[in-house]
Amino acid sequence: MASDDVREIKSRLDIVEIVSEYVKLKRNGRTFWGCCPFHNEKTPSFSVSPERQTYHCFGCGKGGDIFSFIMDTEHLEFREALERLAERAGVTLSRGQQNSAAQRVNRDINLTALDFFLESLTAAGGEPARKYLERRSLPLDVCRRFEIGWAPNSWDMLVRRLQKKGFTSAQILESGLAGEGRDGGCYDRFRGRVIFPIYNITGRLIGFGGRMIDGEGAKYLNSPESRLFNKRHNLYLLDKAKTSMNAKGHAILTEGYLDAIRAHLFGYTNTVASLGTALTQEQASLIKRMTGLCYICYDSDSAGQEAALRAMYTLHAEGVVAKRVIWQGGKDPDEILLQPGGPELFEGAIAEALPLPLFHAQLRSEALRDPVLAPEARRDLLDGLASLSIFDVMPYLDELGNILGVFPHEVQSMLEERKRQRPEVHSRNRRERDEGDFVPPEQNYADDLEYMLCSLLWSRKDIREAYRAEELMCYIEDMGIQNIVFALLSGDDPDELERRWQQMNDMSGMQIIARGNSLLSREGISGETAEKLMGTLRRKYLKNRLASLVRKIKEGNISESEYEEYLKYTRLLKGGSIKA
């Protein structure tokens, strides 16, 4: 049973030893202390108890046992953490959790095959692959780092190696490394291909991808779908990139193995590649575990553009903000980074990446100018935009209006009408925010804005200095956020506020900041776009105030000054300057 496995694992592993691999701990009495790995802090508030085999952070409130710690630090689900810790503890999981014998056989077969592919690359028969990799600027030291190998163009060299190691034909066929011939024998699945090993999120070798270097056939070939390998649920280099994705606050997604490798070589260690032509919901969910922001670095050809658009909507449906990187001077990351000045071009393209609404609109802009293609292009664009929240679209109403040839407020009206006509479009991409439940969009939208504003003011002194308390307080409804914003804009230092809360044992303030930081990361908002956030907050306030004035008009008890206020706010919301 799972509970028996958990108890056995806990009895063999020490939480202090586990946590020490991630956090520098110092003993103080019977407890170990360090800086929390789950939020930024200067004063250690993260405690580990060897007696209770638990941890707790007095700053952000996180706590638990070795399972919750590994799940949070490695971004694993419970089943994955269970397998990871069981392997470390030397515990064989019960049959209900894992078919241990079959898993071990698959693991051993894959590791044996990897050794074969690596040896083949450096052997005499690997010269064609070495020349190809040299042309692609991948020397042998890089190949060793990423375990790139070579599958000889032979009928059954790998099969014979595996059989010599004691694996049966049935086991080899089940692994996907071989196919069954007409005579009942086995033949190598990968032949004449450069080989890329594929690891899952826990670092277990689960399959291979092969790239043909000449001849006819599919350019790329992956291990077949099996109990161990499912490309929908994995991303290339995720095991290497997951920590960096979380630390940097964003992911970079490429189409090909070589694009991902090249990005890693230039320091973009938060890069992964999708294992196929279309990003799946399961892959988007994996990215969501690490970060709320993803830059799409697909090829610049028409197929890559359309694939990027589909990937962006798939990511958005999982709650990940997606931005499309537009290439100038090359077709993909590998080509861009290898040319003179490539790193600067790559960094500039990342900085200028387009948000989903603008990329979709610009991708359809040419068709919108063609009388024949315009109706379908307009339908496609409006259907897509209608699946987004108002917060996603509102900052870009001016640009969208220019591309569609209408006023900004007309864009909003068109989308609202679209949502009413096709409610499933509006709801299909709206997922849970934090607690796992669907919530009314307007209430969630308003709350999120206030949390994000609070966190921006907390982290950026320049933004605090740009606003006065009386200028912002009327836009905030949450009393807890009001108190923090007032304190920050009145000159209180964030570090001093945090110390004060710790002394009072009141962590509600840090929980507000932590939630705001998470939302900022997910929505891709930085200090440079703070003014758009402020403008959206102002619109929210104006709409609420306008609704109140409309009620007074209907009741017949509105004053003359209030009526003037009503006219002013109506003009503003229809496209006037929101600061007027």
Side-chain angles (χ1 to χ4, degrees), residues 278-279 281 284 296 305-324 354-433 438-449 522-524 532-533 535-537 539-540 542-544 546-547 550 570 572-576 578:
L279 186 75
Q281 177 265 326
I296 309 295
Q305 297 282 53
E306 293 298 332
L309 182 64
R310 293 192 299 271
M312 293 176 82
Y313 277 106
T314 300
L315 286 162
H316 185 274
E318 289 301 307
V320 178
V321 174
K323 294 190 175 184
R324 168 59 166 157
L354 294 177
L356 174 53
L358 287 187
F359 175 63
H360 195 170
Q362 290 191 14
L363 190 61
R364 298 290 178 256
S365 59
E366 184 176 348
L368 287 168
R369 293 190 292 269
D370 186 318
V372 176
L373 301 177
E376 175 61 22
R378 181 181 294 258
R379 180 201 62 76
D380 175 78
L381 176 58
L382 291 177
D383 279 352
L385 296 179
S387 72
L388 309 179
S389 73
I390 185 64
F391 176 72
D392 297 309
V393 178
M394 185 171 284
Y396 314 108
L397 288 178
D398 290 342
E399 295 96 327
L400 294 172
N402 288 335
I403 293 173
L404 284 165
V406 298
F407 290 110
H409 69 275
E410 291 180 297
V411 176
Q412 192 170 350
S413 298
M414 293 163 68
L415 294 179
E416 289 172 352
E417 177 62 25
R418 208 78 173 184
K419 292 174 191 286
R420 286 192 292 270
Q421 291 176 353
R422 299 183 61 188
E424 74 281 0
V425 171
H426 178 57
S427 61
R428 72 185 178 195
N429 282 338
R430 192 175 68 242
R431 302 290 191 191
E432 72 285 353
R433 291 292 185 174
F438 285 99
V439 293
E442 288 302 320
Q443 180 62 44
N444 185 72
Y445 167 58
D447 292 345
D448 285 357
L449 290 174
R522 187 192 70 197
E523 302 291 355
K532 289 184 177 180
L533 176 62
T536 309
L537 265 173
R539 286 185 176 89
K540 184 201 78 171
L542 292 179
K543 285 185 175 181
N544 290 343
L546 190 61
V550 168
T570 301
L572 289 175
L573 290 173
K574 285 187 176 180
I578 204 69

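With rounding to the nearest 0.5 Å, the separation of CD in Q362 from CD1 in I403 is 5.0 Å. For the atom pair CG (L400) and CG (L358), the distance works out to 6.0 Å, reported to the nearest 0.5 Å. Between L356 atom CG and S387 atom OG the span is 7.5 Å, to the nearest 0.5 Å. Of the inter-residue distances, the one linking M414 atom CE with L382 atom CG reads 4.5 Å to the nearest 0.5 angstrom.
Here the shortest heavy-atom pairing between L404 and R378 reads O-NH2, 3.4 Å. Taking both residues in full, the closest heavy atoms of E410 and V406 are given as OE1-CB, 3.5 Å, listed atom of the first, atom of the second, then distance. The two residues A311 and I296 have their closest heavy-atom pair at CB-CD1, 4.4 Å. The nearest pair of heavy atoms linking Y313 to L385 is OH-N, 3.6 Å. Of all the heavy atoms in L354 and M312, the pair that sits closest is O-CE, 3.8 Å. Across E318 and A284, no two heavy atoms sit closer than the pair CG-CB, 3.6 Å.
A salt bridge links E306 to R364: one of the charged nitrogens lies within less than 4.0 Å of a carboxylate oxygen.
The closest side-chain heavy-atom distance from S365 to R369 is below 4.5 Å. Within the 4.5 Å cutoff, side-chain heavy atoms of P357 are placed close to those of L388. L315 is listed as a side-chain neighbour of L279, based on a closest heavy-atom distance under 4.5 Å. In this structure the side chain of D380 reaches within 4.5 angstrom of the side chain of H360, judged on heavy atoms.
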Determine, stepwise, if the pair Q305 / F359 fulfils side-chain contact (heavy atoms from CB on, under 4.5 Å).
CA-CA 9 Å; Q305 297 282 53; F359 175 63; 3.6 Å; yes
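No donor-acceptor pair under 3.5 Å is formed between the side chain of N402 and the backbone N or O of E399.
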